[in-house]
Every structure is written in structure tokens, then in C-alpha cells.
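First the structure, in the form of C-alpha cells, and then the observations on it.
All values derive from a computational prediction rather than experimental measurement.
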Amino acid sequence: RGASGVVITETVPLHTSFDAAGSPGWSCAASTAGATCTYDLGTVEGGASGQVTFTVIVTSQLPPGVVTIANSASIADNGANGSDPTANNS
């Protein structure tokens, strides 16, 4: 079954800034590290797949010892079609 009100939520990672030109469709509270960004997918049919691009610009001078920039995102729906029967899928 499908899901409605589907939104991807992303936080701009430390030592980066959000690149709106490289991230069509995203809405961000700000472009600075720590800002929350969302991408509204609306309704997604059951079994569908896809991808979106979230682009950041790494600061020109990383602090000493920083060799990795961590990133994660989450996706959720409004629950109008019931709970996800495979909630642990990714």
C-alpha cells in the first residue's frame, strides 16, 4: 500500500553549508550547519523507489583532526494509510 504526506528530513552536517543550487526541491531553515531541511515527496506508491540529491559545500578549512563529515536523513509519512507493515526497511 502507498503512503501519503511523505517527507524526507535532513540536517546540514557540521563543517558544511547547504547548496540550494545543487539540491532542487529541498526547503531549508538556513544554509548553515545544523539547519533542518525537508523534501516533500507527497504520496508514494507501495513498492516505489527513487532518489533525491542533497548537496553541501565543505568549508574551505576543516579543523585539525576532522577527516570525516557524517550525514544522515530520515523519511516518514503522515500515517493516514496505517502503520508501515515493514517499519525496519531502509
- Message: Check whether Thr16 reaches the backbone of Ile57 with its side chain - one donor and one acceptor, N or O, closer than 3.5 Å.
- Response: no
- Taking Trp26 for its side chain and Thr53 for its backbone only, find out whether a donor-acceptor pair lies under 3.5 Å. yes
- Message: So, taking the atom named OG in Ser31 and the one named CG in Asp19, what distance separates them when rounded to the nearest 0.5 Å?
- Response: 9.5 Å
- Message: Assess the residue pair Tyr39 and Phe54 against the criterion (ring-ring contact (aromatic ring centres under 6.0 Å, His included)); give the C-alpha distance rounded to whole Å, side-chain angles, the decisive distance to 0.1 Å, and a yes or no.
- Response: CA-CA 9 Å; Tyr39 189 100; Phe54 184 82; 9.9 Å; no
- Task: Taking all non-hydrogen atoms of both residues into account, name the closest pair between Ala30 and Ala35 and its distance.
- Result: O-CB, 3.3 Å
- Quick one: CG on Asp77 to CG on Leu41, what's the gap to the nearest 0.5 Å? 11.0 Å
- Query: Do Val12 and Ile69 belong to the same hydrophobic cluster, where Ile, Leu, Val, Met, Phe, Trp and Tyr are linked whenever their side-chain heavy atoms lie under 4.5 Å apart, directly or via other members?
  - Reply: no
- Write down the atom of Ile8, the atom of Ala73, and the distance for their closest heavy-atom approach. CG2-CB, 4.3 Å
- Message: Please determine whether residues Leu14 and Val56 belong to a single hydrophobic cluster, defined as Ile, Leu, Val, Met, Phe, Trp and Tyr linked transitively by side-chain heavy-atom distances below 4.5 Å.
- Response: no
- What pair of heavy atoms forms the shortest contact from Ala33 to Pro13, and how long is it? CB-O, 3.3 Å
- Item | Interatomic distance, Glu10 atom CD to Phe18 atom CZ [nearest 0.5 angstrom] | 9.5 Å
- Item | Check: Thr36 and Thr9 side chains under 4.5 Å, non-hydrogen atoms | yes
- Message: With a 4.5 Å cut-off on side-chain heavy atoms, are Ile75 and Val7 touching?
- Response: no
